[in-house]
Amino acid sequence: MSINESSMPAVQVALVTGASRGIGKAIALRLGKMPGVTVVGTATSEKGQEIITHYLNEANIKGCGIVLDVTSSRSVEEAIANLTERVGSPSILVNNAGITHDNLFLRMNIEEWSKVLDANLTGTYRLLHACIRPMMRQRYGRVVNISSVVGSMGNAGQANYAASKAGMIGLTKSLAKEVGSRGVTVNVVAPGFIDTDMTRTFTEAQRAKLLEQIPIPRMGQPEEVAHAVAFLVSKEAAYITGETMHVNGGMYMC
């Protein structure tokens, strides 16, 4: 038996940021089906918190929603402290929360740049900083950072978003080297274009042009991203760390 498997807690707390809808919701629901897992999803508002708690209860999943702002160190620290006191420290962390603020680079101001980097990249840092030490102490942990296909291939009008998602990949690889000996794995799932509220705003022409670039000519489903996350936090993935799993229908092949 490996160190990771022997150290795996019988009861685990999975923290999923940005879980009120879309990919985050699908991940929370999927992890909630795993034996012994309590799911805690985060939202930036009390309404979002209530939405998470409701859908978890409706699916008979043990867990709840909490309010957490990834752009605030104080919010992250207080939320993790309260969570640890109530149900225990997370042994599974999924950094999914993120924002976009698209603009052509020459028109992009520093505020548009900084907001996206702060939420997506520095927000990931804040959660990792709050959660990784307890994982190392118990010699077990699973971290999955949700990046994006544009973090690998770029996208016009999304220099800030692409930079933040590429940064998450570099952060993941570096941290994986630091904490692997303590039984903690750190990986990335990079979705392509997924059928969510954001992509449903595309026009038919935009959708048709996009699908021409995807060998599997359809949008991905949030559940397909969630299955990739579930694999990476499972005991079957105990020897995988520092990797990026692309879920994009072949749009980008590394």
Side-chain angles (χ1 to χ4, degrees), residues 14-35 37 39-44 48 51-61 63 65 92-100 102 120 124 142-155 158 161-162 164-165 168-169 172 187-234 236-237 240 243-254:
L15 179 62
V16 182
T17 66
S20 62
R21 59 181 180 167
I23 291 173
K25 178 180 178 180
I27 292 170
L29 287 170
R30 177 63 185 85
L31 296 186
K33 295 178 181 179
M34 300 176 72
V37 174
V39 178
V40 178
T42 80
T44 57
I51 288 171
I52 296 167
T53 300
H54 175 73
Y55 76 64
L56 290 175
N57 289 340
E58 201 171 47
N60 294 315
I61 292 172
I92 298 171
L93 171 63
V94 182
N95 284 305
N96 172 70
I99 64 171
T100 59
D102 299 348
N120 299 357
T124 298
R142 295 285 183 269
V143 177
V144 180
N145 297 320
I146 306 301
S147 181
S148 167
V149 65
V150 305
S152 295
M153 63 181 287
N155 198 32
Q158 288 192 310
Y161 184 73
S164 71
K165 293 301 185 177
M168 288 176 72
I169 295 173
T172 296
N187 291 290
V188 167
V189 169
F193 285 87
I194 306 300
D195 187 15
T196 61
D197 291 346
M198 183 179 72
T199 56
R200 288 181 199 126
T201 64
F202 291 176
T203 66
E204 285 301 316
Q206 288 173 322
R207 185 177 289 260
K209 185 176 181 180
L210 177 64
L211 294 183
E212 289 176 0
Q213 305 173 53
I214 306 174
I216 300 176
R218 64 172 176 83
M219 296 282 189
Q221 294 300 310
E223 292 75 17
E224 292 174 307
V225 179
H227 288 311
V229 173
F231 169 69
L232 288 173
V233 306
S234 71
E236 288 78 13
I240 300 173
E243 290 299 322
T244 299
M245 181 179 290
H246 289 278
V247 184
N248 59 42
M251 184 178 185
Y252 173 81
M253 302 181 190
C254 55

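What you are looking at is a predicted structure, and each value in this text was computed from that prediction instead of being measured.
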Judged by modelled atom types alone, do T124 and N145 share a side-chain donor-acceptor pair under 3.5 Å? no

Between M219 and F202, is any pair of side-chain heavy atoms under 4.5 Å apart? yes

If I compare all heavy atoms of V16 with all of G24, which pair ends up nearest, and what's the gap? CG1-O, 3.8 Å

With a 4.5 Å heavy-atom cut-off, do S148 and Q158 have their side chains touching? no

Is there side-chain contact between I51 and R21, with at least one heavy-atom pair below 4.5 Å? no

Atom CG of N187 and atom CD1 of I169: how far apart are they, to the nearest 0.5 Å? 11.5 Å

To the nearest 0.5 Å, atom CG of N60 lies from atom NZ of K33 at 11.5 Å

Charged N-O contact under 4.0 Å between R218 and E224: yes

Would a 4.5 Å heavy-atom cut-off, applied to side chains only, mark C254 and T244 as touching? no

Applying side-chain contact (heavy atoms from CB on, under 4.5 Å), run through V229 and R30 and close with a yes or a no. CA-CA 9 Å; V229 173; R30 177 63 185 85; over 6 Å; no

Can you check whether T17's main-chain N or O pairs, donor with acceptor, with N96's side chain at less than 3.5 Å? yes

Evaluation steps, side-chain contact (heavy atoms from CB on, under 4.5 Å), between L29 and E223: CA-CA 9 Å; L29 287 170; E223 292 75 17; over 6 Å; no

Taken to the nearest 0.5 Å, the spacing of M153 CE from Q213 CD works out to 6.0 Å

Within-4.5 Å side-chain heavy-atom neighbours: V94 and V189: no

To the nearest 0.5 angstrom, please state how far the OG1 atom of T172 sits from the CG atom of N95. 8.5 Å

Taking the side chain as C-beta and beyond, is there a heavy-atom pair between V233 and V37 under 4.5 Å? no

Can you establish whether the number of heavy atoms outside R207 located under 6.0 Å from its atom CZ is more than 12? yes

In this structure, CD1 of I240 is separated from OG of S234 (nearest 0.5 Å) by 8.0 Å

Closest non-hydrogen atom pair between S147 and P191, with its separation: O-CD, 3.3 Å

Closest heavy-atom pair and its distance - A19, Y55: O-OH, 2.6 Å

Could you give the distance from OG1 (T44) to CD1 (I99), rounded to the nearest 0.5 Å? 10.5 Å

Here the pair of heavy atoms bringing L210 nearest to M251 is CD1-CE, 3.8 Å

Would you call T42 and L15 a side-chain contact if the rule is heavy atoms closer than 4.5 Å? yes

Indicate yes or no: at least one non-hydrogen side-chain atom of N120 is less than 4.5 angstrom from one of K165. yes

For A97 and G18, which heavy atoms make the closest approach, and how far apart are they? CB-N, 3.8 Å

Where G192 and N248 come nearest, the two heavy atoms and their spacing: CA-CB, 3.6 Å

